[in-house]
J.: 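The structure that follows is given in the form of structure tokens.
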Amino acid sequence: MKKKLYLLAVIFCASLLLFPACGMDMQSSLKTITMPYIAEYECVEARLGNEDLLKKYDYFYITLLNKDEFEVSFKEKDGKRSTFKGGYSLDPKTRELTGEIGVLGFKYKESVIVKNGQFVIEKNLGPFPLYMKFKVR
């Protein structure tokens, strides 16, 4: 009986030492499984009317920082960098991502469908259609 209690105590102590180490890996794996959309998305195509907007920028990223906050960051060819933060929600059934951001006192809200790690923003800005395609980086 004493051997069984001793063995149980050793197993219990070993599990206390090992589970915290495993917990970190398990959490990161769990994030990957449950929220794989949390990533950085790179703009791979952008047009305003017939103008290629990517000729004016070194990069344009949308980064989903956590389960409800995102960041838009871009760098112009002249070296000027800008970032803006906003909030978002994702419907896991429809894969509809809805983001809202405030820029210069105006609030913008847009919804897109995320499919195979990519999405497209299409919107009319005055008489010109805006088209931006993003892919997971």
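Atom set for the values below is all heavy atoms of this structure, side chains included, hydrogens, waters and symmetry mates excluded. None of these values were measured; they are calculated from a predicted model.
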J.: Counting only heavy atoms not in Tyr59 (residues, nucleotides, ligands), do more than 12 fall under 6.0 Å from its OH?
T.: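 More than 12 within 6.0 Å, yes.
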J.: Treating Ile, Leu, Val, Met, Phe, Trp and Tyr as nodes and any side-chain heavy-atom pair under 4.5 angstrom as an edge, say whether Val72 and Leu53 lie in one connected cluster.
T.: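 Val72 clusters together with Leu53.
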J.: Show your working on side-chain contact (heavy atoms from CB on, under 4.5 Å) between Ile38 and Thr63 and close with a plain yes or no.
T.: CA-CA 8 Å; Ile38 293 182; Thr63 306; over 6 Å; no
J.: Does the side chain of Met132 come within less than 4.5 Å of Val120's, by heavy atoms?
T.: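 In short, these two side chains do not touch, never coming nearer than 4.5 Å.
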J.: For residues Leu54 and Leu125: do they belong to one hydrophobic cluster (side chain heavy atoms under 4.5 Å, members Ile, Leu, Val, Met, Phe, Trp, Tyr)?
T.: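 Per the 4.5 Å side-chain linkage, Leu54 and Leu125 are not co-clustered.
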J.: Can you tell which of Lys80, Lys75, Lys77, Glu76 makes a side chain to side chain contact (heavy atoms under 4.5 Å, CB included) with Tyr57?
T.: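 When side chain to side chain contact (heavy atoms under 4.5 Å, CB included) is applied between Tyr57 and each of Lys80, Lys75, Lys77, Glu76, only Glu76 qualifies.
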J.: Could you tell me whether the side chains of Ser73 and Thr83 share a donor-acceptor contact shorter than 3.5 Å?
T.: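 No - no donor-acceptor pair under 3.5 Å links their side chains.
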J.: Please say yes or no: joined through hydrophobic side-chain contacts below 4.5 Å, possibly via intermediate residues, are Leu65 and Phe84 part of one cluster?
T.: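 Each belongs to a different hydrophobic cluster.
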J.: Give the minimum heavy-atom separation between Thr94 and Ile113, together with the two atoms involved.
T.: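 Heavy-atom minimum between the residues: O-CD1, 3.8 Å.
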J.: Once rounded to the nearest 0.5 Å, what's the spacing between atom OG of Ser111 and atom CD1 of Ile121?
T.: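 Going from OG on Ser111 over to CD1 on Ile121, the span is 10.5 Å.
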J.: Ring centres under 6.0 Å, that's the criterion: do Tyr41 and Phe119 meet it?
T.: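 Yes; Phe119 has its ring centre under 6.0 Å from that of Tyr41.
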J.: If you compare all heavy atoms of Val136 against all heavy atoms of Ala39, which two are closest, and at what distance to 0.1 Å?
T.: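 Closest heavy-atom pair between Val136 and Ala39: CG2-CB, 4.2 Å.
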J.: Kindly compute the distance separating NZ (Lys115) from CZ (Arg95), expressed to the nearest 0.5 Å.
T.: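 If we round to the nearest 0.5 Å, Lys115:NZ and Arg95:CZ are 9.0 Å apart.
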J.: Test of understanding: clusters of I, L, V, M, F, W, Y form through side-chain heavy atoms closer than 4.5 Å, transitively. Do Phe134 and Val112 belong to the same one?
T.: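 The answer is yes; both residues are in one hydrophobic cluster.
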J.: Counting only heavy atoms not in Asp78 (residues, nucleotides, ligands), do more than 12 fall under 6.0 Å from its CG?
T.: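 Correct, the count exceeds 12.
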J.: Please give me the minimum heavy-atom distance between Pro129 and Asn124, naming the atom from each residue.
T.: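 Smallest interatomic distance, heavy atoms only, reads CA-OD1, 3.5 Å.
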J.: Decide, yes or no, whether a salt bridge links Glu42 with Lys135 under the criterion of side-chain N to carboxylate O below 4.0 Å.
T.: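 Between Lys135 and Glu42 there is no salt bridge, as every charged N stays at least 4.0 Å from the carboxylate O atoms.
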J.: When you compare the side chain of Glu110 with that of Glu100, does any pair of heavy atoms fall below 4.5 Å?
T.: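 SC-SC contact between Glu100 and Glu110 ruled out.
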J.: Applying side-chain contact (heavy atoms from CB on, under 4.5 Å) to Tyr88 and Ile101, what does each step give before you reach the verdict?
T.: CA-CA 9 Å; Tyr88 79 94; Ile101 193 167; over 6 Å; no
J.: Under a single-linkage definition using a 4.5 Å side-chain heavy-atom cutoff for Ile, Leu, Val, Met, Phe, Trp and Tyr, are Phe74 and Leu64 assigned to the same hydrophobic cluster?
T.: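 Yes, Phe74 and Leu64 fall within the same hydrophobic cluster.
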J.: Taking the side chain as every heavy atom from C-beta outward, state whether Ser89 and Asp68 have any pair of such atoms under 4.5 Å apart.
T.: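 Heavy-atom side-chain distance check fails, nothing below 4.5 Å.
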J.: First locate atom OH of Tyr131, then atom CG of Leu48, and finally report the distance between them rounded to the nearest 0.5 Å.
T.: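 Between Tyr131 OH and Leu48 CG, I get 14.5 Å after rounding to 0.5 Å.
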J.: My understanding is that only residues two or more places apart in sequence, or in another chain, count here; which of them pass side-chain hydrogen bond (donor to acceptor under 3.5 Å, both in side chains) with Glu45?
T.: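 Here the qualifying residues are Arg47.
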